[in-house]
Amino acid sequence: MTEPRIRITVDGQPLQVEPALPLLTALRALGFPIPGLCHHPRTGEQGRCSLCIVEVRDRDGWRAEHACLLRCEPGLTVRTVSPHIHQLRSWAARLLLARGPFNEPAVEVMLRAVLAAAEKGDNGGQYPDAALPPLSADGTDAATPAMPPGCILCGRCIGMCTGIGKNKLAFLGRGKRLRIGYVHGPSDTGACGTCHACRGVCPTGFIRSNGQAAFSARLYRRRGVPRNNGD
C-alpha cells in the first residue's frame, strides 16, 4: 500500500512529495536544478561535496542544510536560491575544482556553472570572496594533498564497495590527510575482482579500472602486490 503524499513548500510553492524521500531526490524529480556530485541512488547520502546546500525554515529563521541528508517530512519549508546558498555552493565548487583536472569533463562544466550562478547572484556583500580558502599558485589546493588530482573524496566508491559486500575501500587518515585506500583482508588473494562497480559510480572518472588500481594504499599494501595508479 502506497503511503499518502505529504506537502512541503519549496521556494514558496506548495508541493506534494513522497514521505521520507531524500529531499535532493524529491527536488530533482520536481525539476529544481540542484547541483551535487557525491549523492547516488545506489550509494546513499554522503553530504561531502556540499553542492546541494539549501536552506530550511525553522523557528529561528533559515539554516543551511545538505539536501541529500534531509528527508521529506510534512510541513518542511525550504528554499533553493538565496545569496547565502549561492555563496556556500561557490565555496564548495571552488574547492572541488582545485582537485581537478577530471577525466569526466562534465564535472568541471557543472562546477563552473555553480560559480557563474553565484557571480550573477547578489550576495549583498555579506559573504565576500575574501573569505574563500586560498589556493596555491598552480591552482592545486594545498589543504588536500593526500589524494592525486581527479578524486574529490565523495565516498561513492566506498558506499558501492560496501553495499555489494566487498568492503575493500575505506577512508584512511583524517583532516588534511584524509584519503581513500584499498585495504587487503587477512585471507585476501590480492585482487579486488572485476565487477568495476566503483568505477560505475565515480562521478569524476578518477577510477579507470577498479578500486585496487585507483586506491592501493602503501600503508596496507601486501608484500608482492604491485601498485598500480590505474593509468
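Bear in mind that the values here come from a model prediction, so they are computed numbers and not experimental data.
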Task: side chain to side chain contact (heavy atoms under 4.5 Å, CB included) between Leu97 and Glu108, worked out - done: CA-CA 7 Å; Leu97 276 170; Glu108 181 168 341; 3.7 Å; yes
- [ ] Check step by step if side chain to side chain contact (heavy atoms under 4.5 Å, CB included) holds for Asn210 and Tyr182.
- [x] CA-CA 10 Å; Asn210 57 35; Tyr182 177 84; over 6 Å; no
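Arg156 places no side-chain N or O within 3.5 Å of a backbone atom of Cys202 that could act as its donor or acceptor partner. Proximity of a side-chain donor or acceptor of Thr204 to a complementary backbone N or O of Gly150 within less than 3.5 Å is detected. At distances below 3.5 Å, not a single donor-acceptor pair connects side-chain atoms of Thr80 with backbone N or O atoms of Val78. In this structure, the side chain of His39 does not engage the main chain of Gly47 through any donor-acceptor pair within 3.5 Å. Not one N or O on the side chain of His66 forms a donor-acceptor pair closer than 3.5 Å with the backbone of Cys68.
Arg71 and Glu73 are not joined by a salt bridge, as no carboxylate oxygen comes within less than 4.0 angstrom of a charged side-chain nitrogen.
At a threshold of 4.5 Å between non-hydrogen side-chain atoms, the residues Met110 and Leu51 count as touching. Proximity of Pro19 to Pro74: side-chain heavy atoms (C-beta onward) are nowhere separated by under 4.5 Å. Using a 4.5 Å cut-off on side-chain heavy atoms (C-beta onward), Leu27 and Val54 make contact. Phe206 has its side chain within reach of Pro148: a pair of non-hydrogen atoms, C-beta onward, lies under 4.5 Å apart. The shortest distance between side-chain heavy atoms of Ile6 and Cys72 falls below 4.5 Å.
Cluster membership for Leu24 and Ile85, using ILVMFWY side-chain heavy atoms within less than 4.5 angstrom, is not shared.
Here the CG atom belonging to Leu96 is positioned 9.0 Å from the SG atom belonging to Cys38, to the nearest 0.5 angstrom. Note that the OG1 atom of Thr43 and the CE atom of Met160 stand 6.5 Å from one another [nearest 0.5 Å].
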